[in-house]
Amino acid sequence: MGFFSVNKRPIKPLLRRRQVHASLPTEVQTEAQAEARSDIRPAGSGNASSDAGTSRQPPADPLPLYRDVSANEAVLRAVFHNCTDVVFRTVWVDDVHRLLLVYIDGVVDQKRLEDEILRPLIYEFVPAYPLMTSLHHAIRAQLLPIAQTSTVSSIHEVVDNIVKCNSVILSDGEDVALVLGNKSWTGRGVEEPAAETVVRGPREGFTETLRVNTSLIRRRIRNPKLKMEALVLGTVTYTDVVIAYIEGVAREDILNELRTRLGRIEIDSVLESGYVEGMIQDNPFSPFPQIQNTERPDVVAAALLDGRIAILVDGTPFVLLLPMTFWMSLEASEDYYERFLYANAIRVVRMIFLLMSLFFPSLYVAVTTFHPQMLPTQLLLTFASAREPSPLPAVVEALIMEFTFEGLREAGVRLPRAVGSAISIVGALVIGQAAVQAGIVSAPIVIVVASTGIASFAIPRYSFSIPFRMLRFPLLILAGTLGFYGIAVGLIAIMIHVVSLRSFGVPYFSPIAPFNARSAKNLVVRPPIWTMHRRSDKLTGGKSKRMPKGQGPRKPRERVE
């Protein structure tokens, strides 16, 4: 507690006010206000000179709605000039009242628009209206079968809701507008995420639709303590963002720090959660990610239950989880779905491959260049005979092969799926074999680099494997110049950096540094579920229990025949 300052200012009003002011160009506001004040006067204001004392004073909001729907339409048409997808539909009800329906074509449910808005307004309005005191109240309460409705009183709020894919109804004689939540668009269905496949576990993955993603989390945590705070980022894109956490489990100081960091963001567009991640992480110059991303709802639900906080961004299936530690990156969701004996065996293999992905090429270069006495004689002679045709030092061979392997991997990702794998296989086999036969590189270095590449794929998080790929190159240079001493210097530098990192105040290398014995039992070895009584102290402040003791399986008292 108390390792960073806490700002408790509400974020939503600040963001909303900023976006509302940014939604209208200054010239449009000035032009619209001048037009409205000179030619179109609010209903009931009468003559300007005689009603100077009772006419509408300049409100706090720079552009309120007028009672004349034509005035509001003129302002909206000026705002949405050259926006051919914005529809202005005039509806006359009872041959007296004029309504103006404004929406963006393609982002609202057309069938609901026709059946639940236009049809009742045109055919059912007369019997409903006399029962109510105001037009918008009658429409909202007795006419339209739409659950999400609200009223707004300024042009800025109307524009804000239109660009957020809502429909707006303005009526003659009233200075409020009715907002109808009937947004709808075509989106991708719920599918298994390609980057986080599992053998055992749910097959659902997040989509690009925010409300679908929140429903996938809510389906797994059916508790009112699951909170989802909404805000909007991006002064041009108006991207919806949701902060999800479990009240009483997540630490309040981390939550307040997150709100403060999000409140400081001033950016025109947020097209992916990576925009948010880049602006709220603790150390942007570190190769290690301090915020986890995932496409799996079960991973997010498990993280929320552990006291972590999720950030969902509309338009992307990648959800951010924070805080993040080094050891969380090595956990896979299957670790908790499989039996703990099998999960522990896989974890040990994963740890070995993690070290191999970082140090294997460097160790090969150091041994063959500076410390050949560490190899058995027969193996040393084999390496020497294999390297004899190559005129290049081992470190240069390793760098060439590492660059080639990274290039092939990148090409395989960027190429179309139908040809990407074929190009990678052909490139790896043909180029590798040709390079060995030409004497450019030796056969052992091909084996070393290929094994290192396979080892890097064993890391569960793709974003966490990238720093190991990056750090492999400076370690290769250190090993090629100083041998084991260079590798030791590189390892010490990496450890100092990792230990000094923090993710929203939580030490990145915890619970090893600083050491916490109670939380450290679920690092390399995953204990049985019934022994995990408590959540992590660093994530919950040590105040939250997961289950009471004594929940382990027991043998039946009587033998079952």
Side-chain angles (χ1 to χ4, degrees), residues 281-290 324-330 348-375 380 383 387 390 392-407 409-410 441-442 444-503 507-515 523-524:
Q281 59 185 337
D282 290 59
N283 189 346
F285 299 103
S286 171
F288 291 94
Q290 295 122 60
M324 173 186 178
T325 65
F326 181 89
W327 306 102
M328 290 176 183
S329 307
L330 301 178
V348 172
V349 172
R350 198 178 298 148
M351 293 288 182
I352 295 173
F353 272 56
L354 174 74
L355 297 175
M356 184 176 167
S357 68
L358 183 61
F359 294 112
F360 193 28
S362 305
L363 291 174
Y364 171 79
V365 170
V367 168
T368 55
T369 307
F370 294 95
H371 315 283
Q373 67 276 10
M374 297 190 67
L375 293 175
L380 179 62
F383 281 175
R387 295 198 63 251
S390 174
L392 301 174
V395 61
V396 177
E397 289 183 14
L399 288 173
I400 291 174
M401 289 306 298
E402 284 289 348
F403 275 115
T404 306
F405 185 82
E406 292 298 329
R409 174 152 50 182
E410 187 68 13
V441 296
S442 59
I445 195 63
V446 176
I447 299 173
V448 169
V449 172
S451 303
T452 306
I454 294 172
S456 64
F457 289 124
I459 300 175
R461 311 290 172 201
Y462 176 77
S463 61
F464 194 66
S465 67
I466 296 176
F468 291 89
R469 291 160 53 189
M470 293 175 56
L471 294 172
R472 201 181 299 153
F473 291 96
L475 282 175
L476 265 175
I477 296 174
L478 288 172
T481 53
L482 300 174
F484 281 162
Y485 298 105
I487 296 177
V489 170
L491 177 61
I492 293 172
I494 292 172
M495 291 303 299
I496 292 175
H497 175 71
V498 171
V499 171
S500 64
L501 276 180
R502 286 178 178 269
S503 175
Y508 195 64
F509 213 59
S510 63
I512 298 300
F515 183 71
L523 293 184
V524 179

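We use all heavy atoms of the structure for the numbers below, so side chains are in, but hydrogens, waters and symmetry mates are not. Note that the coordinates shown come from a computational prediction; the quantities given were computed from them, not determined experimentally.
Between the CD atom of Q290 and the OG1 atom of T325 there is a distance of 12.0 Å, given to the nearest 0.5 Å. Distance CG/L476 to CG/L399: 5.0 Å, rounded to 0.5 Å. Distance check: F326 CZ to S510 OG gives 12.0 Å after rounding to the nearest 0.5 Å. Taken to the nearest 0.5 Å, the CZ atom of R469 stands 6.5 Å off from the OG atom of S456. From I400, atom CD1 reaches atom OG of S390 across 8.0 Å, with rounding to the nearest 0.5 Å. Taking CE of M356 as the start and CG of L358 as the end, the distance is 12.0 Å to the nearest 0.5 Å.
Considering only heavy atoms from C-beta on, L471 stays 4.5 Å or farther from H497 through its side chain. Using a 4.5 Å heavy-atom cutoff, the side chains of L475 and I494 are in contact. Between P511 and W327 the shortest side-chain heavy-atom distance falls below 4.5 Å. Residues F370 and V365 have side chains not in contact (no heavy-atom distance under 4.5 Å, counting atoms from C-beta outward). The side-chain heavy atoms of V448 and F360, taken from C-beta on, include a pair separated by under 4.5 Å. Counting heavy atoms from C-beta outward, R461 and P289 have side chains that stay 4.5 Å or more apart. Counting only heavy atoms from C-beta outward, the side chains of I487 and L363 approach each other to under 4.5 Å.
No donor-acceptor distance shorter than 3.5 angstrom exists from the side chain of E402 to the backbone of F473, with no hydrogens or angles considered. R350 places a side-chain N or O within 3.5 Å of a backbone atom of L330 that can act as its donor or acceptor partner. Panel note: side chain T369, backbone A366; no donor-acceptor pair is recorded below 3.5 Å. A side-chain donor-acceptor contact under 3.5 Å links R387 to the backbone of L392. Judged by distance alone, the side chain of S503 and the main-chain N or O of Y508 form no donor-acceptor pair under 3.5 Å.
The two residues P507 and A513 come nearest to each other via the heavy atoms CB-O, 3.9 Å. In terms of heavy-atom proximity, S357 sits nearest to L354 at OG-O, 2.7 Å. Residue S442 comes nearest to Y364 through the heavy atom pair OG-OH, 4.1 Å, listed as atom of the first residue, atom of the second, then distance. Closest approach of V498 and F509 over heavy atoms only: CG1-CD1, 3.3 Å. Closest non-hydrogen pair, I445 versus E397, comes out as CG2-OE1, 3.6 Å.
A 6.0 Å sphere centred on CE of M374 holds no more than 12 heavy atoms belonging to other residues, nucleotides or ligands.
Note: F464 and F288 have tilted aromatic rings, judged against thresholds of 30 and 60 degrees for the angle between ring planes.
The cationic group of R409 lies under 6.0 Å from the six-membered ring centre of F457 and within 45° of the ring axis, placing it in a cation-pi geometry.
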Note to self: As a quick check of understanding, evaluate side chain to side chain contact (heavy atoms under 4.5 Å, CB included) for V367 and F484, giving each step before the final call.
What the structure shows: CA-CA 8 Å; V367 168; F484 281 162; 3.6 Å; yes
